[in-house]
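Input: a single structure, listed below in structure tokens.
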Amino acid sequence: MYLVAHIDVEICASKSCKLCTQYCPEANTIQYSEEMGKEKGFKYGSAYVAVDRCKGCAQCVWVCDNMAKNNAIKMIMIDQLPMAALTDNITYSDKSTIAVLASPAGG
Amino acid sequence: MSLDYVKFSSGFEKFMPKEYRDMVEHGPFGKKMSVSQMGSFKEILEEHPMCAGCAMTLFIRLAMIAFPNPEDTITVGTAGCGRLAISQAAIPFVYGNYGDQNGVASGLSRGLRLRFGDKPKDVVVMAGDGGTADIGFQQVLHSWFRKERFTTIMLDNEVYGNTGGQESGMTNRGAVLKMAPLGKKFEKMDMLQMAKVAGCAYVATVVPNNPRRVESVIKKAVLIAREVGSTYIQAYTSCNIEYAIPTDKVMEDAKNVENDRYQFSEYITDEAKQFLTERYGYKEFLPKPAAPGLSKA
Ligand SMILES: Cc1ncc(C[n+]2csc(CCOP(=O)(O)OP(=O)(O)O)c2C)c(N)n1
Ligand code: SF4
Ligand code: SF4
Ligand code: SF4
């Protein structure tokens with residue numbers, strides 16, 4: 001098992017600064033979704049991790065903790081994550097993306 | 001090398017992998033994308049085998065977003081870590097022998113001008129510090145003296161990362177590395193000064209912990225190289241493996257190094273300023289209006 005980044009939608013959407021999307025070294029790994037925040041009643045969207053592309057470096061954790069000062073990202077063992085975003089289930093729209101969450105274990 | 005190659009051949013759409021379909025439909029080709037939209041569009045860069053948390057990877061990711069016309073851009077690289085990612089992108093990548101990248105890019109950029117005339121086709125070299133300042137040094141300097149019109153980007157991790165930690169000309173004096181156990185005996189080479197002496201029209205240093213700045217210097221460098229002359233960007237892109245930087249501290253290191261010895265610097269000739277202002281509407285080089293009241297004093 002290995003660690004991946006996990007973003008708490010409620011903590012992120014209260015700030016939604018998008019900093020981590022600009023600092024993750026991997027392309028299209030931290031994505032942004034308007035719906036994710038709005039579904040929970042926030043004005044803005046949330047960042048989320050396409051876990052199949054995450055290399056587990058935790059740079060995003062440092063960025064969210066120290067630059068955004070929002071502590072929304074934690075590293076978590078992938079088998080402890082019941083639902084997550086995977087590249088295959090992400091669709092792009094004009095200014096955002098939509099992710100249908102699924103079990104990362106493929107169940 | 002045009003929008004024509006970034007589309008589906010008729011009948012093939014349903015057979016293409018998701019990443020390809022996303023690239024055609026939601027990629028940056030023919031649109032102006034910026035770092036502020038990251039996470040909302042499909043990027044040129046794909047998955048690649050560079051190490052987790054590598055700052056060079058982040059820099060390459062940002063650079064590709066900053067290319068002013070990705071559909072009209074060719075990258076040139078050489079041996080070293082960077083090519084492992086640069087080659088995994090939806091734009092053409094040319095790879096030769098170690099150190100010949102600025103020679104290859106010279107021929108390529110001249111050939112593209114002959115073939116396409118005034119239509120801009122951008123050539124961007126991205127190579128390591130070893131590839132640029134040691135092995136490729138002669139070809140790099142000569143391309144600048146000849147004022148070849150393309151951009152050279154040094155991915156400066158201050159070590160030969162790909163081959164396990166030998167010192168390069170860009171390693172700092174005293175640095176101890178796996179394959180330089182006694183510490184480097186000489187100073188870091190001043191490639192910035194050499195670029196200016198050799199006649200580059202634009203020379204800048206950046207660190208990837210400021211994505212908007214990376215975007216801004218790369219855009220300027222690529223645009224200036226279209227007509228004015230050679231441009232050079234030197235980017236601090238730490239090797240967390242050879243310098244044993246924990247991956248969650250890579251941006252902290254970038255910040256410290258930026259404050260210590262890699263401050264942002266930008267040199268631009270008057271001709272390049274005028275070109276950016278007149279051709280691309282840049283406002284930052286216009287004479288500043290005198291502050292009210294100051295002239296009376
Ligand atoms: C002619 C030649 N000599 C040696 C090598 C082996 N080699 C591959 S990468 C590399 C060092 C790369 O260092 P640098 O250019 O600083 O890039 P980095 O890997 O640090 O990004 C060397 C020596 C080679 N590929 N070709
Ligand atoms: S840095 Fe933190 S608060 Fe900002 S978008 Fe990312 S997870 Fe949300
Ligand atoms: S852990 Fe690293 S690779 Fe994974 S999302 Fe965070 S910054 Fe990106
Ligand atoms: S060896 Fe160093 S420079 Fe190369 S990919 Fe790994 S961390 Fe990056």
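Since the model is a prediction, treat every value here as computed from it, not as a measurement. Proteins get letters first, then strands, A, B, ... in listed order; numbering begins at 1 in each. Just the heavy atoms: all of them, side chains too, but no hydrogens, waters or symmetry mates, feed the values below.
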Next item on the list: Output every pair passing ring pair (Phe, Tyr, Trp, His ring centres under 6.0 Å) with a member in residues 233-264 of chain B, not counting sequence neighbours, ordered by first then second residue.
Entry: B:Tyr236-B:Tyr262
Checklist line | Greater than 12 external heavy atoms within 6.0 Å of A:Lys74's NZ | finding: yes
Checklist line | Top contributor to chain A contacts, counting heavy-atom pairs under 4.5 Å, from B:Lys249, B:Arg212, B:Lys42 | finding: B:Lys42
Margin query: So for atom CZ, which belongs to B:Arg261, do other residues, nucleotides or ligands contribute more than 12 heavy atoms lying within a distance under 6.0 Å?
Written below: yes
Item checked: Toward chain A, the part of B:Leu62 with a non-hydrogen atom under 4.5 Å -> side chain
Notebook entry, point to check: Side chain, backbone, both or neither: which part of A:Asp52 has a non-hydrogen atom closer than 4.5 Å to chain B?
Noted result: backbone
Check: Looking only at heavy atoms, which two atoms of A:Pro25 and B:Cys54 are closest? And how far apart?
Finding: CB-O, 3.8 Å
Next item on the list: Can you establish whether the number of heavy atoms outside A:Met83 located under 6.0 Å from its atom CE is more than 12?
Entry: yes
Next item on the list: May I ask you to decide if B:Asn209's main-chain N or O and A:Tyr23's side chain share a donor-acceptor pair within less than 3.5 Å?
Entry: yes
Next item on the list: Any pair with a residue in residues 24-68 of chain B that passes ring pair (Phe, Tyr, Trp, His ring centres under 6.0 Å), sequence neighbours left out, goes on the list, sorted by first then second residue, please.
Entry: A:Tyr92-B:His26
Notebook entry, point to check: When rounded to the nearest 0.5 angstrom, what is the spacing between CD in A:Gln31 and CE in B:Met38?
Noted result: 10.0 Å
Notebook entry, point to check: How long is the span from the OG atom in B:Ser40 to the CD atom in A:Glu34, to the nearest 0.5 Å?
Noted result: 7.5 Å
Check: Just how far is it from atom CD1 of B:Ile65 to atom CD of A:Gln22, taken to the nearest 0.5 Å?
Finding: 8.5 Å
Note to self: As an exercise: rank A:Val61, A:Ile30, A:Thr87 by heavy-atom pairs under 4.5 Å with chain B and give me the winner.
What the structure shows: A:Thr87
Next item on the list: Enter the distance from B:Met251:CE to A:Cys57:SG here, rounded to the nearest 0.5 Å.
Entry: 9.0 Å
Check: Given the rule in the side-chain contact (heavy atoms from CB on, under 4.5 Å) test, do B:Arg61 and A:Cys24 qualify, once you have shown the distances and angles that lead to the verdict?
Finding: CA-CA 9 Å; B:Arg61 181 180 176 221; A:Cys24 169; 4.2 Å; yes
Notebook entry, point to check: Which region of A:Asp88, side chain (C-beta onward) or backbone (N, CA, C, O), has a non-hydrogen atom less than 4.5 Å from a non-hydrogen atom of chain B, or is it both or neither?
Noted result: both
Next item on the list: Can you tell which part of A:Cys54 gets under 4.5 Å to a heavy atom of chain B, answering side chain, backbone, both or neither?
Entry: neither
Check: Would B:Glu46 and A:Arg53 satisfy salt bridge (Lys or Arg N to Asp or Glu O under 4.0 Å), going step by step from the backbone distance to the final call?
Finding: CA-CA 10 Å; B:Glu46 253 308 324; A:Arg53 296 174 77 112; 3.3 Å; yes
Next item on the list: Please report the closest heavy-atom contact between A:Ala27 and B:Leu45, naming both atoms and the distance.
Entry: CB-O, 3.3 Å
Item checked: Proximity of residues 15-23 of chain B to chain A, residues having a non-hydrogen atom under 4.5 angstrom -> B:Lys18, B:Glu19, B:Asp22
Notebook entry, point to check: Which residues in residues 37-46 of chain A have a heavy atom less than 4.5 Å from any heavy atom of chain B?
Noted result: none
Margin query: Between A:Asn28 (side chain only) and B:Glu43 (backbone N and O only), is there a donor and an acceptor less than 3.5 Å apart?
Written below: yes
Next item on the list: Count the heavy atoms of every other residue, nucleotide or ligand shown that sit under 6.0 Å from CG of A:Asp94, and state whether that count exceeds 12.
Entry: no
Notebook entry, point to check: How many angstroms lie between CD in A:Gln59 and CG in B:Leu58, if you round to the nearest 0.5 Å?
Noted result: 6.5 Å
Next item on the list: Count the heavy-atom pairs under 4.5 Å between each of A:Lys95, A:Lys18, A:Met75, A:Glu26 and chain B, then report the option with the highest count.
Entry: A:Glu26
